[in-house]
2 protein chains.
Amino acid sequence: MTKSRVVNLDELRSHCQKCSLYRLCMPMGLEQGDLERLDRIIHRRRPVEKGEYLYRIGEPFQSVYALRAGSIKTFTINQEGHEQIVGFHLPGELLGLDAIAGKVHVTSARALETVSVCELPFERLEELSLQIPGLQHHLLSLMSEELQHEHCHLAVLARAPVESRLASFLCQLSDRFRARGYSATDFNLSMSRNDIANLLGMAVETISRLFSQFQEQGLLKVERKHVQIRDLPALQTLANRCTTDVRTESALNRQEH
Amino acid sequence: MTKSRVVNLDELRSHCQKCSLYRLCMPMGLEQGDLERLDRIIHRRRPVEKGEYLYRIGEPFQSVYALRAGSIKTFTINQEGHEQIVGFHLPGELLGLDAIAGKVHVTSARALETVSVCELPFERLEELSLQIPGLQHHLLSLMSEELQHEHCHLAVLARAPVESRLASFLCQLSDRFRARGYSATDFNLSMSRNDIANLLGMAVETISRLFSQFQEQGLLKVERKHVQIRDLPALQTLANRCTTDVRTESALNRQEH
DNA sequence: GCTATTCTTTGATCTGGATCAAGGCTCCGT
DNA sequence: ACGGAGCCTTGATCCAGATCAAAGAATAGC
C-alpha cells in the first residue's frame with residue numbers, strides 16, 4: 001500500500017510478462033505464447049486518481065479490471081441512496097466479475113488512492129478462455145474464491161461481536177498483504193474509519209473505540225492510517241474466522257509456485 | 001415447494017430434454033445435440049432424504065449439483081462449531097460452485113425435505129464448457145448472479161433493521177417461487193424459524209414476533225409453515241432491497257425466453 | 001395411541017453497540 | 001501561515017433486539 005502512491009509510468013505500459021502480479025491475477029504455468037495473446041487484449045489504462053470511479057452501478061458491463069497498484073473499494077447503493085461497501089481490493093485482484101450475469105455493473109468501484117489497472121474486455125477474455133488451457137478454470141476459480149470470501153464476511157456480519165469483526169478484518173488484511181510480499185504486521189489502511197465501519201456493519205465510533213482498546217491491550221499500535229500488529233495470534237483468536245479465508249490462502253500457494 | 005414432496009421415480013430417470021427446469025439450470029438455446037452431450041455426463045442420483053447431506057465441508061469437490069425438486073440449505077461452520085446458513089436453494093439452482101477454487105467443499109448442503117438432484121462431475125462439465133457454445137458463459141453468469149445475491153444479503157445483514165430483513169427474505173422467496181411457476185403469494189416454508197433466524201442474523205424469538213406482527217398489520221397470514229402474502233407491495237417497501245435481486249430477475253427472463 | 005423431543009410463540013428483562021454531542025487532529029486550498 | 005472541512009476520538013445516553021423463562025403445538029419414536 002505504501003508503495004502504491006508512486007506510480008511509475010513505464011511500469012504502466014509494461015506487459016504481463018514483466019508484471020510482478022500476473023501470478024495473482026492470471027493462471028500460472030501459462031505458455032509464453034498464451035501470455036502474449038492475453039497481453040494483446042489488455043488495455044493499460046491511465047492511473048485512476050483517488051476518489052475517481054473505475055465503474056459505476058448501472059453502467060454497461062464491458063470489461064473486468066485487474067488491479068496493478070493501489071486499492072479500491074466496491075459498493076452497492078440501497079434505495080435510500082446509502083452506500084454499502086462490499087469489499088476492498090488490493091493489487092492482483094480482478095474486479096467487476098459480479099456484472100457478468102446482468103451485463104450491467106451492480107457495484108461501483110472507487111479508488112481509495114491513485115491506482116493503476118489493466119482493463120480486460122470481457123468478451124475477448126471469454127473467447128480466450130475457450131482457447132487457453134486453464135484460463136477458463138482460473139476465471140471460475142477466482143469467482144469461486146470470491147464466493148467463499150463473501151460467505152465468511154456474511155458469517156461475520158450475522159453473528160460476530162464487534163471485536164471479532166474488526167479483528168477479522170485486520171487479520172484478513174494482514175494475510176493479503178503477506179500474500180503480496182508486503183509486511184503482514186505493518187501496513188497502512190487506505191480506507192477511512194467510516195469505510196471500515198460500513199463494511200463491518202457498525203458505527204464509526206465503535207471502530208475508533210476498538211482501535212483504542214486493541215492498542216491498550218497490546219494487540220497493535222495504531223496511529224492515523226498506520227497499523228502495526230503486535231500480537232497477530234491473539235488477534236486471530238479474537239477473529240475466530242469461519243474457515244480460513246481461501247482468497248489469501250490460494251494466493252499464497254500461487255505465489256510460492 | 002408443495003409439489004416437491006411427491007417424488008416421481010420416472011421423472012428422476014428422465015433426461016434434460018424432458019426436464020422442466022433445464023432452462024433454469026442450463027443455458028437456453030442449446031442445440032439438441034449439445035443437450036444430449038450434457039445429458040450424458042449427468043448422474044441422476046437417488047432422492048436425498050430430509051436431513052441428509054448432499055455434501056459436507058471438507059469433502060473433496062468432485063461435482064456440482066442441480067437441484068430438481070425440494071429445497072436445500074447450505075451453511076458454513078465457524079470455529080465454535082456454530083452453523084451459519086449462507087442460503088436456501090430451490091429447484092433449478094446449481095450448488096457447490098463455491099468449492100471450485102479449493103477443490104474441497106467449503107459449505108455443507110443439507111436437504112430441508114426430500115430432494116432430487118442431478119450430479120454433474122465438474123471436470124467433465126468444464127471440458128464441455130470449452131466445446132458447447134454458451135455453456136462457459138452460462139457458468140460464469142450463474143456464479144456472477146450468486147455473487148450479486150450475496151452482495152444484497154450482505155447489505156441486509158450490515159444495515160437493515162429486523163423488519164426489513166424478514167420482509168426482504170420473504171419477498172425474495174416470493175420472487176423465486178414466481179420464477180418457478182409457483183404462487184408468489186402462497187407457499188410453504190421448508191426451513192425452520194431457527195434456520196431463517198440464522199440466515200438473517202437474528203434470534204428465533206424475533207422471527208416469531210415479526211411473523212405475528214406482520215400478520216397483525218395485515219401484511220400476510222402465517223400458519224406454521226404456510227405463508228400467504230396479503231400485501232406484497234407493502235412488504236417490498238419494508239424490504240427496501242439494495243438492488244433488485246438479479247438471481248430471480250434473470251431466472252424470470254430465462255423462463256419467458 | 002402415547003410420550004418424548006423438538007419447534008414455536010409470547011412475555012419480561014438486560015445489554016451491546018448505536019446514536020447524540022462535542023472537542024481535537026489533519027489536510028487542504030488560499 | 002491561516003481558516004475551514006472533513007476525519008477521528010472520547011464521553012454520555014438510549015434503545016433495538018438478544019437473552020432468559022416458560023408454556024403451548026407439532027412431530028417422531030416406540
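Chain naming here is simple, since letters A, B, ... match the order of the sequence lines and numbering starts at 1 in each.
In this structure, the ring pair (Phe, Tyr, Trp, His ring centres under 6.0 Å) partners of A:F61, at least two apart in sequence or on a different chain, are A:H105, A:F122. Shown here are the side-chain contact (heavy atoms from CB on, under 4.5 Å) partners of B:S192, two or more places apart in sequence or in another chain: B:N194, B:D195, B:K225. Residues forming a side-chain contact (heavy atoms from CB on, under 4.5 Å) with A:A197 (at least two apart in sequence, or on another chain): A:I207. Applying the salt bridge (charged side-chain N to carboxylate O under 4.0 Å, His left out) criterion to B:E205, with sequence neighbours excluded, gives no partner residue. Looking at residues two or more places apart in sequence or on another chain, you find a salt bridge (charged side-chain N to carboxylate O under 4.0 Å, His left out) between A:E52 and A:R46. Under the salt bridge (charged side-chain N to carboxylate O under 4.0 Å, His left out) criterion, B:E163 pairs with no residue at all, not counting sequence neighbours. Scanning for side chain to side chain donor-acceptor pair (under 3.5 Å) contacts around B:S183 gives B:T185, with sequence neighbours left out. Every residue two or more places apart in sequence or in another chain was checked for a salt bridge (charged side-chain N to carboxylate O under 4.0 Å, His left out) with B:E59, and none qualifies.
When rounded to the nearest whole Å, the span between CG of A:L166 and P of D:dC8 equals 13 Å. Look at NE2 on B:H82: it is 12 Å from P on D:dA18, rounded to the nearest Å. A straight line from CZ of A:R159 to C1' of D:dA18 spans 10 Å, rounded to a whole angstrom.
Here the range on DNA chain C touched by chain A, meaning any atom under 4.0 Å from one of its heavy atoms, is C:dG17 to C:dT26.
For DNA chain C, the residues of residues 193-211 of chain A within the heavy-atom distance limit of 4.0 Å (strictly under) are A:G201, A:M202, A:A203, A:E205, A:T206, A:R209, sorted by number.
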Identify all pairs in which a protein N or O lies below 3.5 Å from an N or O of nucleotides 27-29 of chain D, and state each distance.
none

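Looking only at atom types and distance, the side chain of A:S71 has a donor-acceptor partner in the side chain of A:S190 under 3.5 Å away.
Listed by first then second residue, pairs satisfying ring pair (Phe, Tyr, Trp, His ring centres under 6.0 Å) with a partner in residues 206-229 of chain B number zero, not counting sequence neighbours.
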